[in-house]
Amino acid sequence: QVQLVESGGGLVQAGGSLRLSCAASGRTFSIYAMGWFRQAPGKEREFVASISPSGSSTAYGDSVKGRFTISRDNAKNTVYLQMNSLEPEDTAVYYCARSKYSSLSPRGYEYAYWGQGTQVTVSS
């Protein structure tokens, strides 16, 4: 069983930055793609970013391109989401997820394990 634990959420003013971390258990972290998703109250879950097993390939949702950066440290079984130029519209619970595959994907059903989420609130 894989466990994912997110941290780093909080309250920040518009224009500020936050760095989310997601620590994964297990020995197979480095062979799967990882992703970040978010869900705001009353809205559907939204793809934020994904990263390949080696970290050499990444993909982003249109709303965060150029502002957010996903990275990973396989030695630490950890994936990160650096969020810059935050906007009130970025307010949501952010979830880390481990893919079923090694390829990048924006589709939530292609992810096998999910963290409990961390709240990010951006004030205007």
Side-chain angles (χ1 to χ4, degrees):
Q1 185 72 8
V2 174
Q3 291 187 327
L4 303 174
V5 180
E6 302 98 335
S7 61
L11 174 64
V12 64
Q13 288 188 334
S17 298
L18 280 175
R19 188 195 196 201
L20 305 184
S21 299
C22 172
S25 65
R27 300 181 179 180
T28 59
F29 177 81
S30 63
I31 66 174
Y32 293 99
M34 297 292 296
W36 286 97
F37 292 78
R38 68 186 182 185
Q39 188 165 21
K43 295 188 177 181
E44 293 186 353
R45 184 176 60 197
E46 178 186 12
F47 168 72
V48 174
S50 62
I51 188 167
S52 62
S54 68
S56 60
S57 297
T58 57
Y60 296 92
D62 289 342
S63 61
V64 307
K65 281 180 183 176
R67 299 188 298 122
F68 290 12
T69 302
I70 188 172
S71 62
R72 65 191 295 165
D73 184 337
N74 288 340
K76 296 182 178 179
N77 275 21
T78 301
V79 61
Y80 305 97
L81 185 69
Q82 178 66 44
M83 306 186 294
N84 298 330
S85 303
L86 283 161
E87 304 167 352
E89 292 74 24
D90 296 316
T91 294
V93 177
Y94 283 71
Y95 297 91
C96 168
R98 200 210 77 178
S99 177
K100 299 176 184 177
Y101 313 111
S102 59
S103 55
L104 302 179
S105 174
R107 294 174 287 275
Y109 61 81
E110 293 188 345
Y111 289 78
Y113 298 97
W114 296 78
Q116 82 288 351
T118 186
Q119 176 70 46
V120 171
T121 303
V122 184
S123 64
S124 57

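Every heavy atom of this structure was used, including side-chain atoms; hydrogens, water molecules and symmetry mates were not.
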[X] side-chain N/O to [Y] backbone N/O, donor-acceptor pair under 3.5 Å:
{"X": "Asn77", "Y": "Gly26", "result": "yes"}
{"X": "Tyr113", "Y": "Gln1", "result": "no"}
{"X": "Ser25", "Y": "Gln3", "result": "yes"}
{"X": "Arg72", "Y": "Ala33", "result": "no"}
{"X": "Glu6", "Y": "Gly117", "result": "yes"}
{"X": "Thr78", "Y": "Lys76", "result": "yes"}

What residue among Leu18, Leu86, Thr58 forms side-chain contact (heavy atoms from CB on, under 4.5 Å) with Phe68?
-> Leu86
Out of Leu81, Val93, Val64, which residue meets the side-chain contact (heavy atoms from CB on, under 4.5 Å) rule with Arg38?
-> Val64
Is it the case that one hydrophobic cluster holds both Trp114 and Leu4, taking links as side-chain heavy atoms less than 4.5 Å apart, direct or via other members?
-> no
Tyr80 reachable from Val12 in the ILVMFWY side-chain graph, under 4.5 Å edges = no
Applying disulfide bond (SG atoms under 2.5 Å apart), which residue pairs with at least one partner in [range] are found, sequence neighbours left out?
{"range": "residues 58-90", "result": "none"}
{"range": "residues 34-67", "result": "none"}
{"range": "residues 25-86", "result": "none"}
{"range": "residues 18-102", "result": "Cys22-Cys96"}

A side-chain contact here means heavy atoms from C-beta on lying under 4.5 Å apart; do [X] and [Y] qualify?
{"X": "Leu20", "Y": "Tyr95", "result": "no"}
{"X": "Met83", "Y": "Val120", "result": "yes"}
{"X": "Met34", "Y": "Phe29", "result": "yes"}
{"X": "Ile31", "Y": "Pro53", "result": "no"}

What is the distance from atom [atom1] of [X] to atom [atom2] of [Y], rounded to the nearest 0.5 Å?
{"X": "Ile70", "Y": "Ser57", "atom1": "CD1", "atom2": "OG", "result": "11.5 Å"}
{"X": "Gln116", "Y": "Thr118", "atom1": "CD", "atom2": "OG1", "result": "7.0 Å"}
{"X": "Ser124", "Y": "Glu87", "atom1": "OG", "atom2": "CD", "result": "12.0 Å"}
{"X": "Phe47", "Y": "Trp36", "atom1": "CZ", "atom2": "CH2", "result": "13.0 Å"}
{"X": "Gln119", "Y": "Leu11", "atom1": "CD", "atom2": "CG", "result": "9.5 Å"}

Evaluation steps, side chain to side chain donor-acceptor pair (under 3.5 Å), between Glu89 and Ser63 = CA-CA 9 Å; Glu89 292 74 24; Ser63 61; over 6 Å; no
Take atom NZ in Lys100; do more than 12 heavy atoms of anything else shown fall under 6.0 Å from it?
-> yes
Those residues that, when tested against Ser7, pass side-chain contact (heavy atoms from CB on, under 4.5 Å) (two or more places apart) | Ser21
Nearest heavy-atom approach of Asn84 to Ser17 is OD1-OG, 2.9 Å
Is the charged tip of Arg98 near the ring of Tyr32: under 6.0 Å from the six-membered ring centre and within 45° of its axis?
-> yes
Qualifying residues under ring-ring contact (aromatic ring centres under 6.0 Å, His included), relative to Tyr111, sequence neighbours excluded | Phe37
